[in-house]
J.: 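This is the structure I have questions about; it appears just below.
Values in this document were obtained by computation on a predicted structure and should not be read as measured data. Chain A is the first sequence line, chain B the second, and so forth, proteins listed ahead of strands; every chain is numbered from 1.
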Protein chains: 2
Amino acid sequence: MPNNQFRKSELYSFITGKASTAIARRLQKNFKQAGLDITIEQWSVLYHLWKEDGMSQQLLCDATFRDKPSITRLVDNLEKLKLVKRVASKDDRRINMIYLTPEAQELQEKSMEVANQTLNEALEGVTHGQVEIAKEVLQMVYENLK
Amino acid sequence: MPNNQFRKSELYSFITGKASTAIARRLQKNFKQAGLDITIEQWSVLYHLWKEDGMSQQLLCDATFRDKPSITRLVDNLEKLKLVKRVASKDDRRINMIYLTPEAQELQEKSMEVANQTLNEALEGVTHGQVEIAKEVLQMVYENLK
DNA sequence: TTTATGTAGTTGCATAAACAACTATATGCC
DNA sequence: GGCATATAGTTGTTTATGCAACTACATAAA
């Protein structure tokens, strides 16, 4: 049995995602401390729009690993915050294209800085090689389950 | 700068906990398929009670990395499901001791089996050595941020 | 062209998390 | 004893997730 060593005591913390929960909490806290009034979930949507503005909600679902209702509501909230706008597609009237507002564009630099800093806090004392292997494992887990 | 390699493209998926989200979803799905009608969060509370029945809510907070309101409501829901009972402590009247019901005790074996199986699905193709390093990294991340 | 089927997005409902404010009880110090 | 402070737990509010059911539009086949 290959991964037997995982099946007892450490099963729990791996399953519950202790580490990623801790990262999420710290990132949220760091956003707040930096005066950034967005949730990490909202940030994760903005992150993809900064890479490519004008994505459909479905593309945002794929990019952020969320289902359609989640994206509907995240976009609702981002619209209320005036950070994005829904624009009906002319080619396909089912589609909403989501565009960043100027306010959202201003958030990019600072929030990415905070995210980078958070990751540095998280990975303090971890070597490059260890990080590479951890990335591979997490990627394989994702591929196995997606 | 030590962990520079993380700071660009893969920052996102590490922060968002893609892998642990995927594990959580799969575990929930596997519970459902096995006829187990509990959430993974409820399971995480039961998990600790199976190890030691009769914990206070505060101890459950510490064990599950949740805050007090979260545990209050998880215990509320577990009580509704008749899986646990609150029993006021005689020594300290502020404290609720949480005890498993017989129904909850019956869930242990099957749910642990499902959890083990889920972890095997997640780690398919990952070597023992890789898993060990990933565990170390996740543990260090947790220690850095807790 | 009509019908079936698929895709994009929304809404309703239950569960959960984070944070702040609160009540009740315990403890330690004067 | 009486007061300040700490601890255990609860409640309210906002945000988010997962699932199912739904509407609207698009596409492909008959």
J.: Nearest whole angstrom, please: distance from the P of C/dT15 to the CD1 of B/Ile71.
T.: 16 Å
J.: May I ask you to say what B/Asp67 touches in the nucleic acid, namely base, sugar-phosphate or nothing, with a heavy-atom cut-off under 4.0 Å?
T.: base
J.: Between B/Phe65 (CZ) and C/dA17 (P), how many Å, whole number?
T.: 13 Å
J.: Does A/Arg93 put a side-chain nitrogen or oxygen below 4.0 Å from OP1 or OP2 of C/dT7?
T.: no
J.: Any side-chain donor paired with an acceptor under 3.5 Å for A/Glu143 and A/Gln139?
T.: yes
J.: Taking the nucleotide of DNA chain C with the closest heavy atom to each, which residue, B/Leu74 or A/Met97, is nearer the 5' end?
T.: A/Met97
J.: Heavy atoms only, 4.0 Å cut-off, all strands: where does B/Thr39 land among base, sugar-phosphate and nothing?
T.: sugar-phosphate
J.: Parallel, tilted or perpendicular: which fits the ring planes of A/His48 and B/Tyr12, with parallel below 30° and perpendicular above 60°?
T.: perpendicular
J.: Counting only distance, no hydrogens or angles, is the base of D/dT7 paired donor-acceptor with the side chain of B/Arg94 under 3.5 Å?
T.: yes
J.: Distance alone, cut at 3.5 Å: any donor-acceptor contact between the side chains of B/Asp67 and B/Ser70?
T.: yes
J.: Would you indicate, yes or no, if C/dA16 has its OP1 or OP2 atom less than 4.0 angstrom from a side-chain nitrogen or oxygen of B/Asn77?
T.: yes
J.: Between A/Ser56 and C/dA8, is there a side-chain N or O to OP1/OP2 distance below 4.0 Å?
T.: no
J.: Please state how far atom CD1 in B/Ile40 lies from atom C1' in C/dT15, giving the value in whole angstrom units.
T.: 11 Å
J.: Tell me: NZ of B/Lys68 to P of D/dT11, nearest whole Å?
T.: 14 Å
J.: Can you confirm whether the side chains of A/Glu124 and A/Asn120 place a donor and an acceptor under 3.5 Å from each other?
T.: no
J.: Contacts to DNA chain C from residues 20-33 of chain A, heavy-atom cutoff under 4.0 Å, which residues?
T.: A/Arg25, A/Lys32
J.: Would one find a side-chain N or O of A/Ser70 under 4.0 angstrom from OP1 or OP2 of D/dT17?
T.: yes
J.: Between B/Glu121 and B/Gln117, do the side chains contain a donor N or O and an acceptor N or O under 3.5 Å apart?
T.: yes
J.: Is there a donor-acceptor contact under 3.5 Å linking the side chains of B/Arg66 and B/Ser44?
T.: yes
J.: Please report, rounded to the nearest Å, how far the P atom of C/dT10 is from the CZ atom of A/Arg66.
T.: 16 Å
J.: Quick one: label B/Arg73 by what it contacts on the DNA or RNA (base, sugar-phosphate, nothing), any heavy atom closer than 4.0 Å.
T.: base
J.: Could you tell me how far apart A/Lys80 (NZ) and D/dT14 (P) are, to the nearest whole angstrom?
T.: 10 Å
J.: Within this structure, what is the CD-to-P distance between A/Gln42 and D/dT15, rounded to whole angstrom?
T.: 8 Å
J.: Please confirm whether the shortest side-chain N or O distance from B/Gln58 to OP1 or OP2 of D/dA8 is below 4.0 Å.
T.: yes
J.: Determine the contact category for B/Asp92: base if any of its heavy atoms lies under 4.0 Å from a base atom, sugar-phosphate if only primed atoms, P, OP1 or OP2 are that close, otherwise nothing.
T.: sugar-phosphate
J.: Among C/dT11, C/dT25, D/dT11, which nucleotide sits nearest the side chain of B/Pro69?
T.: D/dT11
J.: With no hydrogens and no angle check, is any side-chain donor or acceptor of B/Arg86 less than 3.5 Å from a backbone partner on B/Asn96?
T.: no
J.: Atom CG of A/Asp91 and atom C1' of C/dA8: how far apart are they, to the nearest Å?
T.: 14 Å
J.: Measure from NZ or CZ of A/Lys85 to the centre of the six-membered ring of A/Tyr99 and say whether it is under 6.0 Å with the direction within 45° of the ring axis.
T.: no
